[in-house]
Amino acid sequence: MIAFLEGTLAARTPTTAYVNVGGVGYAVLMSASALSKLPPVGEGVRVLTYLQVSENAGVALFGFLSEEEKALFERLITVSGVGPKVALAALSTFSPRALADAIAAQDTGLVSKIPGVGKKTASRIILELKGSLDAGIESLFASPADAQAVTDARLSGAVEALLSMGFTSAEADLALKGAPEGATEQALLQYALKRLGSR
């Protein structure tokens, strides 16, 4: 896996940067916004990279100037129907923060402004990425373990509250089954009490 390239910018086209690293030239596909921020040809450059190996497209190297851009690209290409070209188009249209905010806000109209993305694909991007971008761009860097720890703490807090009200642990567990993901401890407690009250 090539994590980054550090060398001299040898040339650039509207879609690609050519980086000379110790006499070896790498063709790196980048978003229009990242390409516009590169230094002049002949100057030193450091580009974060994502290496894609596929049967039909062969080997392709994608480049980014920030961790946010790379993380969002990697998240976008996990969405079915969204390939690297569409992901780069998304990063050419929006800054990583603006795109993460649009997804978190479930703004289909804004997301469908990405070239090659219709309403259907925009809805799929929002549906598949919304959960991981609820807190905006920062949530890209929260590890699944961190998120799980927060969820577990909220659940156990709600269980403790129910036990202190005289419910059994079996009743508490049952009442919290299917609780909405990412709910606060207070919301979990209200959800459980509602279910216990309707029985």
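What you see is a predicted model, and the numbers here were worked out from it, not measured in a lab.
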Full working for side chain to side chain contact (heavy atoms under 4.5 Å, CB included) between I114 and L99: CA-CA 10 Å; I114 299 164; L99 183 55; 4.1 Å; yes
Test log, rule side chain to side chain contact (heavy atoms under 4.5 Å, CB included), inputs S66 and L48: CA-CA 7 Å; S66 71; L48 300 170; 5.6 Å; no
Test side chain to side chain contact (heavy atoms under 4.5 Å, CB included) applied to L91 and F73, step by step: CA-CA 8 Å; L91 294 168; F73 173 88; 3.8 Å; yes
Residue pair M165, L189: steps toward the side chain to side chain contact (heavy atoms under 4.5 Å, CB included) verdict: CA-CA 11 Å; M165 289 175 196; L189 190 55; 4.1 Å; yes
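E128 and S80 form a side-chain donor-acceptor contact under 3.5 Å, judged by distance and modelled atom types alone.
One distance of note links CD1 of I126 with OG1 of T108; it measures 4.0 Å at 0.5 Å rounding. Remark: T49 OG1 to L29 CG distance equals 12.0 Å, nearest 0.5 Å. Expressed to the nearest 0.5 Å, how far CE of M30 lies from CG of L88 amounts to 9.0 Å. E69 contributes atom CD, which lies 12.5 Å from atom CZ of F62 (distance to the nearest 0.5 angstrom). Residue I125 holds its CD1 atom at 10.0 Å from OG1 of T78, rounded to the nearest 0.5 Å.
Put simply, the side chain of K70 never gets that close to the backbone of G63: no donor and acceptor are under 3.5 Å apart. Checked by atom type and distance alone, the side chain of S31 never pairs as donor or acceptor with a backbone atom of S92 at under 3.5 Å. Between the R195 side chain and the L176 main chain, no donor and acceptor come within less than 3.5 Å of each other. Side chain of S112 to main chain of G109: a donor-acceptor pair is present (N/O by atom type, distance under 3.5 Å, no hydrogens or angles). Not one N or O on the side chain of T8 forms a donor-acceptor pair closer than 3.5 Å with the backbone of A10. Between the side chain of Y50 and the main chain of I2, no donor-acceptor pair closer than 3.5 Å is present. Counting only distance, with no hydrogens or angles, the side chain of S169 and the backbone of L163 share no donor-acceptor pair below 3.5 Å. Side chain of E171 to main chain of T168: a donor-acceptor pair is present (N/O by atom type, distance under 3.5 Å, no hydrogens or angles).
Across every non-hydrogen atom of A11 and V41, the tightest pair is CA-CG2, 4.0 Å. Shown here for L196 and A175, the closest heavy-atom pair between the two residues is CG-CB, 3.6 Å. L9 approaches P39 most closely through the heavy-atom pair CD2-O, 3.1 Å. For the pair T93 and P115, the tightest heavy-atom approach, listed with the atom from each and the gap, is OG1-CD, 3.3 Å. Of all non-hydrogen atoms in A87 and I77, the two that sit nearest each other are CB-CG2, 3.8 Å. For the residue pair P96 and L72, the shortest heavy atom distance occurs at O-CD2, 3.5 Å.
Sequence neighbours left out, not one pair with a member in residues 36-45 passes side-chain hydrogen bond (donor to acceptor under 3.5 Å, both in side chains).
Not less than 6.0 angstrom separates the ring centroid of Y18 from the ring centroid of Y26.
At a threshold of 4.5 Å between side-chain heavy atoms, the hydrophobic network of Ile, Leu, Val, Met, Phe, Trp and Tyr places L65 and L51 in one connected group. Y191 and L174 fall into different hydrophobic clusters, where Ile, Leu, Val, Met, Phe, Trp and Tyr are joined by side-chain heavy atoms under 4.5 Å apart, directly or via other members.
Stacking of R46 on the aromatic ring of F4 is recorded, both the 6.0 Å distance cut-off and the 45° axial limit being met.
Within the 4.5 Å cutoff, side-chain heavy atoms of L61 are placed close to those of L5. Residues F167 and L193 form a side-chain contact, since some pair of their non-hydrogen atoms from C-beta on lies under 4.5 Å apart. The shortest side-chain heavy-atom distance between V86 and T121 does not fall under the 4.5 Å cut-off.
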